[in-house]
Trainee: 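Below is a structure I'd like to ask you about.
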Amino acid sequence: MQNKSLRRRDGTGVDGQLIEKFKEGFAGSVIQPGHAAYEKARRVWNASIDRYPGLIAQCTGVADVVHAVRFARLNDLLVAVRGGGHNVGGRATCDDGMVIDLSAMTGVFVDPGRQTVRVRAGTTLGAMDRETHLHGLAVPTGVVSRTGIAGLALGGGVGWLVRKHGLTCDNLLSCEVVTASGDIVTASAESHPDLFWGLRGGGGNFGIVCSFLFQAHPVKTVLGGLIVYPRDQAGAVLRHYRDFMASAPDELTAYAGLVSAPNGEPITAVLACYCGNLTEGERILRPLRSFGTPLQDLIQEMPFPVMQQLADASFPDGTHNYWKSLFLSDLSDDAIDLIVEHGNRAQSPLSATLLEFYGGAAGRVGPDATAFAQRQSQFNLGITAQWIAGDDGDRHMRWARETWNALHHYSGGGYLLNFLGEEAPVAIKAAFGVNHARLVAVKTKYDPTNFFSLNQNVVPEY
Ligand code: FAD
């Protein structure tokens, strides 16, 4: 039986009068159990996450964030911070504590002259793309347009422009941050540079980012889309993809893997985005498109925001999800055979096994230049188990774990922070890699009591 009331970390309840007082100084919505909006507000993107916060503070601006942080500190509350609510491990919510929900804090402000864009913390990738596209610009982000920019940028951010323009966090110029003590600071190369370093890949450990200033790039029309092969060609297609990407130019980012067609038919797919000169792109993509006997070649010129939405339908809202991933330091033929063998055992047409290759501009940044350490040019394998309500989740999770276990032998031990589900602290530490000790120092300086603990947590030195 869920308790469904606001409780302190020691388990004692918070007096209703205190909550009323909190509401007086808060401009946004305060949603508690019993409120008509509670059921919707407590849910995050992954339907497997079923938590009951004691209070959801839907902020309208920085003043609300400061007010919520101070109230939570004073009352020793467990705090979850919510951007887009897409973290598969459910780190944007909690039981009994307070959710500081930024999803209503949307807004995108493009400066075409400087080619920069400021976004508020509740903005989705699609909302930002829409505005930047008006000016022929784009910021490198992820590949599903409904994802929140906040969590994605703080964890690194890989997507269709990663090889040409780097990670999302590589394009961060400054952040407006509310710290664990409720102070407002600007983090940039000049102001609180240690905090700025930590925010670029260190996740939600150091404070609440209320807005981000990004560098944008001239990207308007790209050559991209899907090449579809029968599933029984998966081994050959993945081998060709591996060999092709070894010498691909930075303008090309491509993923390949075992997925299903909209009608549920198992297929092999290569998904590519070329963001340079389009005539040159036709030439570059020719060997990829002429390989084997595709069922369909859907590569075509398209506005960049359309490219950004191509994968949306593969991740519908309301599904249950369990994700695992790992970098493969050795993508040998044996490893590919294992990927195919296990990918063919997926328990749902919504589940996928996808290889992604980054490198390029992201790989030329030093592993300790930002908190994002995983700069090596290796293939990342995403194993996404996805199923609908009522299905037996255990068999889907078992498939993801077995696939991950089978491939682990080929991994260099690194993980992509943004794709971590409910992994153990040891996996989080491995994702931070060479930067972990420095992250502990930044955490100890800015959040010595681990006020922000519901994230891929860096534990401060007490
Ligand atoms: P939330 O779930 O809201 O939060 C995640 C974490 O960030 C929490 O710890 C939270 O406390 C913290 N946080 C959120 N907002 C703030 C803030 N403003 N200040 C401080 N801390 C904050 N990642 C990629 O890199 N590339 C992809 O292509 C990609 N595709 C994805 C597709 C789907 C369908 C999904 C579900 C995820 C995808 N991801 C991808 C992973 C994604 O980057 C992470 O799930 C990320 O956490 C999403 O951001 P969010 O704001 O929605 O996170």
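Just so you know, these numbers use all the heavy atoms, side chains as well, and skip hydrogens, waters and symmetry mates. Model, not experiment: these values are computed from the prediction.
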Trainee: S29 side chain to I31 main-chain N or O, any donor-acceptor pair under 3.5 Å?
Mentor: no
Trainee: Find out whether L416 and Y358 are in side-chain contact, i.e. whether some heavy atom of one side chain is under 4.5 Å from a heavy atom of the other.
Mentor: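 When only atoms from C-beta onward are counted, Y358 and L416 do touch, with a gap below 4.5 Å.
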Trainee: Look up atom CG in L328 and atom NE2 in H409, then write down how far apart they are to the nearest 0.5 Å.
Mentor: 11.0 Å
Trainee: Please report the C-alpha distance between R146 and T124 in whole Å, then the side-chain angles of each, then the deciding distance to 0.1 Å, and finally whether the side chain to side chain donor-acceptor pair (under 3.5 Å) criterion is met.
Mentor: CA-CA 6 Å; R146 292 188 311 278; T124 59; over 6 Å; no
Trainee: Only one of V237, L295, D297, L271 passes side chain to side chain contact (heavy atoms under 4.5 Å, CB included) with V228; say which it is.
Mentor: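 Between V228 and the candidates, side chain to side chain contact (heavy atoms under 4.5 Å, CB included) is satisfied uniquely by L295.
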Trainee: Under the side-chain contact (heavy atoms from CB on, under 4.5 Å) criterion, do L331 and I339 qualify, and how do the steps go?
Mentor: CA-CA 10 Å; L331 187 56; I339 292 170; 4.0 Å; yes
Trainee: Under a 3.5 Å cutoff, is there a donor and acceptor pairing between the side chains of Q386 and T319?
Mentor: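 Present: a donor and an acceptor within the cut-off.
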Trainee: Treating E131 as the side-chain partner and G107 as the backbone partner, does any N or O pair qualify as donor plus acceptor under 3.5 Å?
Mentor: no
Trainee: In terms of side-chain heavy atoms, does H165 have a donor or acceptor partner in N171 at a distance below 3.5 Å?
Mentor: no
Trainee: If you define the side chain from C-beta out and look only at heavy atoms, does anything of Y410 sit under 4.5 Å from D334?
Mentor: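 Yes, at least one pair of side-chain atoms sits under 4.5 Å.
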Trainee: Just to verify, which of Y274, F304, Y255 counts as forming a ring pair (Phe, Tyr, Trp, His ring centres under 6.0 Å) with W160?
Mentor: Y255
Trainee: Taking atom types as modelled, find out whether Q233 and T293 have a side-chain donor-acceptor pair closer than 3.5 angstrom.
Mentor: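 Side chains of Q233 and T293: pair found under 3.5 Å.
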Trainee: Are the side chain of R231 and the backbone N or O of I267 linked by a donor-acceptor pair below 3.5 Å?
Mentor: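 Yes; at least one donor-acceptor contact below 3.5 Å.
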Trainee: Can you confirm if the NZ or CZ of R42 lies within 45° of the ring axis of Y52 and under 6.0 Å from the centre of its six-membered ring?
Mentor: yes
Trainee: Is any NZ, NE, NH1 or NH2 atom of the basic residue among R242 and D333 found under 4.0 Å from an Asp or Glu carboxylate oxygen of the other?
Mentor: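 A salt bridge links R242 with D333.
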Trainee: State plainly whether the residues E402 and R398 are in salt-bridge range, i.e. N to O under 4.0 Å.
Mentor: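 No, this pair does not count.
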Trainee: Using the ring centroid of each side chain, check whether Y446 and F206 are separated by less than 6.0 Å.
Mentor: no
Trainee: Can a donor-acceptor pair be found between the side chains of D101 and S103 at a distance below 3.5 Å?
Mentor: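 Per modelled atom types, D101 and S103 side chains form a pair under 3.5 Å.
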Trainee: With a cut-off of under 6.0 Å to the ring centre and 45° to the axis, is R438 in cation-pi contact with W197?
Mentor: yes
Trainee: Do you see a donor-acceptor pair shorter than 3.5 Å between the side chains of T60 and D64?
Mentor: yes
Trainee: Does any N or O in the side chain of T168 come within less than 3.5 Å of the main-chain N or O of P140, such that one atom is a donor and the other an acceptor?
Mentor: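 Yes.
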Trainee: Verify, without hydrogens or angle tests, whether Q456 (side chain) and L417 (backbone) share a donor-acceptor contact under 3.5 angstrom.
Mentor: yes
Trainee: Between N457 and N205, do the side chains contain an N or O donor and an N or O acceptor separated by less than 3.5 Å?
Mentor: yes
Trainee: How close do G85 and V44 get, heavy atom to heavy atom, and via which atoms?
Mentor: O-CB, 3.4 Å
Trainee: In the structure I gave you, are the side-chain heavy atoms of L137 and V110 within less than 4.5 Å of one another anywhere?
Mentor: yes
Trainee: CZ/R120 to OG/S211 distance, rounded to the nearest 0.5 angstrom?
Mentor: 8.0 Å
Trainee: Does one side chain, of Q308 or D129, offer a donor that lies under 3.5 Å from an acceptor on the other?
Mentor: yes
Trainee: Kindly say whether the aromatic ring centers of Y322 and W404 come within a distance under 6.0 Å.
Mentor: no
Trainee: More than 12 heavy atoms of other residues, nucleotides or ligands under 6.0 Å from CZ of R289: yes or no?
Mentor: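 Enclosed: over 12 neighbouring heavy atoms sit under 6.0 Å from CZ of R289.
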Trainee: What I want to find out is whether D170 reaches R375 closely enough, with some N-O distance under 4.0 Å, to be called a salt bridge.
Mentor: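 Looking at R375 together with D170, the answer is yes, because their closest N to O distance falls below 4.0 Å.
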Trainee: If you measure from the Lys or Arg side-chain nitrogens to the Asp or Glu carboxylate oxygens, is any gap between R286 and E282 under 4.0 Å?
Mentor: no
